[in-house]
Amino acid sequence: MSVPPTPSKDFIREIIDEDLSSGKHDGTVTRFPPEPNGYLHIGHAKSICLNFGIAQEYGGRCHLRFDDTNPTKEDVEYVDSIKEDIQWLGFDWGDHIYFASDYFEKLHEWAVGLIEEGKAYVDEQSAEEIRKGRGDLQNPGTDSPHRDRPVAENLEMFQRMKDGEFGDGEKVLRAKIDMAHPNLNMRDPVLYRILHAEHHRTGDTWCIYPMYDYTHGQSDALEYITHSLCTLEFENHRPLYEWFIENLPVPSHPRQIEFSRLSLNYTVMSKRKLLQLVEDSHVSGWDDPRMPTISGIRRRGYPAEAIRDFCKTIGITKFKSTNDISLLESSVRDVLNRGANRYMAVLDPIKVVVTNYPEDQVEEFDAMINPEKPDLGMRKVSFSRELFIERNDFLEDPPKKFFRLAPGAEVRFRCAYFLRCDDVIKDEEGKITELRCTYDPETRGGENPPDGRKVKGTIHWVSAKHALDAEVRLYDRLFTHESPDNVEGSFLDHLNPDSLEVISHAKLEPNLAAVPVGKTVQFERLGYFCVDLDSSEEKPVFNRTVALRDSWANAQNKS
RNA sequence: AACUCCAUGGUGUAACGGUAGCACAACAGAUUUUGGUUCUGUUUGUCAAGGUUCGAAUCCUUGUGGAGUUGCCA
């Protein structure tokens, strides 16, 4: 009897297992805490899959919490798009949606408590002076001249800060920890700053706003988060996270654990750079199908399931790795191969005239909707005397092992007939305009003929008079450099000039007219394509999601 | 010559002191009415040097390489 292998767990799930078996916790609560200041990208998907995934696996829950402590950068527009993206990824926070701004009152109360205990003080140095006083990586900082201000005075000043008596930047509230601490985050970090800004939820109720460090852990504690999972750059913040938890009357003691953020080659992930791509019109918007944003990926036609699979395969570690985009594409192809319906479409058409086929005759052939799902049955495709095939499916002077059409050669037209090419018609410039072929009636439906003749190649086609005209957008990687983040000069210097190719008159099988916006299908032998939201009844528009694996093209590129 | 963290094939990830495995990629073959899918097989790896141990990717020491941190951003 074979024992099924126990799937290995990442270090975070191992910690959770220990905490559960040791009785430290009797449940698991995680949270996904985006700041509503931009669109989510695939890096966030990793965190979403981790946090919501753990909640599902452990029968716990995952909160969606907006980290909205900086009103100068945030907006409801982003709140909405973030919610949409998480739902699209297939996750549900139920009733557990929170905002850090909901805790402003409690956070303020606790700050007053810190002052009363002599653990916080109002500093009135300028930002520049505070920066200087902090010291640097090699040297300890120096105490602020206001560090030992009496409690009563601190209390009064903090109240006046809150009451709006000071301008932005005039005063801050600082924790009194240790100006010589080797960890810079512990050198009397700022807790509150003055910001006379309208907050998208609290309006003008506040003019002092808590900093991330002072907000995050306490929000976790207030929500009884057990494991607060964040990316590696917060590692140095953990001592401070714990300092607050230990020095404040919080209702629970969450634990911060850091993991490596996602990076992918041939793209950029930072909000700043993505914003620049949008603002400088290198892409059409946040949802441009070339963008690594969730909305871009969705518009590109990547299924949510593929993103989840991908996040599962890359795992969770503390190693700062760069994932190959082919790993993602493999997940996409895998999901799409199983689920996408098949159709025929010709992107770069060349006309074929079947000389021995009657002028007005039309036949309908059956074709599988999806060979991976035979239950779906068949679709009808119309065949007639004039057809379109892919220009690169014909070669006048074919190399060895070329299984497609060539003068005198015979191939199968998928689900239709065997056709032999008799004649090549060219214009004055020598460009091929038409192929004249003959079909073998004995191969109806694409069956092998009674004489046992076989062909190596099967090509796709579309009947000329039935064909649907469409725009097809072919996408390639946005950058030519493997790590555009890591180059001399600007990342923009390495933009791929050919990342978008528009084909305005592709020829589609008419069944494709019924495919709804957002649905991804397979164009046989070419790849997966999805209907773009620019699509209209008069002018269908398809995005290429990802090409099929193409071992023939691979071999050709090599030689 | 600060602190913290990290290091396993080309890429990503397992192995919890006991046979270095899996996925992707690549290559070869079989099947195929998609040069797709599927199946089979092959190539490639423990950063280095010491130490502990019967036995080390794993523990210890030192070195090397990489990342993060000097916002009143998150």
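Here the structure is a predicted model, which is why all the values come from computation and not from measurement. Below, chain A is the first sequence line, B the second, and so on; all start at residue 1.
For the pair A:Arg477 and A:Tyr266, the cation-pi criterion (under 6.0 Å, within 45° of the ring axis) is fulfilled.
Spacing between B:rU43 and B:rA28 at atom P, rounded to whole Å, works out to 15 Å. Taking atom C1' on both B:rA20 and B:rU32, the two are 36 Å apart, rounded to the nearest angstrom. Comparing the same atom, C1', in B:rU31 and in B:rG12 gives a spacing of 30 Å after rounding to whole Å. Distance check on atom P: B:rA2 versus B:rG45 gives 36 Å, rounded to whole Å. Atom name C1', nucleotides B:rU46 and B:rA14: the rounded distance is 12 Å, in whole Å. Annotation: B:rA67 and B:rG9 have their C1' atoms spaced 23 Å apart (nearest Å). Remark: the separation of the P atoms in B:rA15 and B:rU58 is 14 Å, to the nearest Å.
You'll find a donor-acceptor pair under 3.5 Å spanning the side chain of A:Arg404 and the base of B:rG35, going by distance alone.
The aromatic ring centres of A:Phe418 and A:Phe413 sit 6.0 Å or more apart.
Residues A:Tyr212 and A:Glu35 are not in side-chain contact: their nearest non-hydrogen atoms beyond the backbone lie 4.5 Å or more apart.
Contact between the side-chain N/O atoms of A:Arg193 and the OP1/OP2 oxygens of B:rA74 is found at a separation under 4.0 Å.
In this entry the base of B:rG9 is anti relative to its sugar, with a glycosidic angle more than 90° from 0.
Comparing A:Asp10 and A:Lys73 against RNA chain B, the residue whose closest nucleotide sits nearer the 5' end is A:Asp10. Ranked by how close their nearest RNA chain B nucleotide is to the 5' end, A:Arg238 and A:Asp324 are led by A:Arg238.
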Side chain to side chain contact (heavy atoms under 4.5 Å, CB included) for A:Val521 and A:Tyr528? Distances and angles first, verdict last.
CA-CA 6 Å; A:Val521 300; A:Tyr528 298 97; over 6 Å; no
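Residue A:Lys456 is out of contact with every strand shown, counting any heavy-atom pair closer than 4.0 Å.
Nearest nucleotide to the side chain of A:Leu327, out of B:rA14, B:rG35, B:rG12: B:rG12. The A:Met211 side chain lies nearest to B:rC72 when the options are B:rC72, B:rG35, B:rU34. For A:Arg525, counting side-chain heavy atoms from C-beta on, the closest listed nucleotide (B:rG35, B:rA74, B:rU8) is B:rG35.
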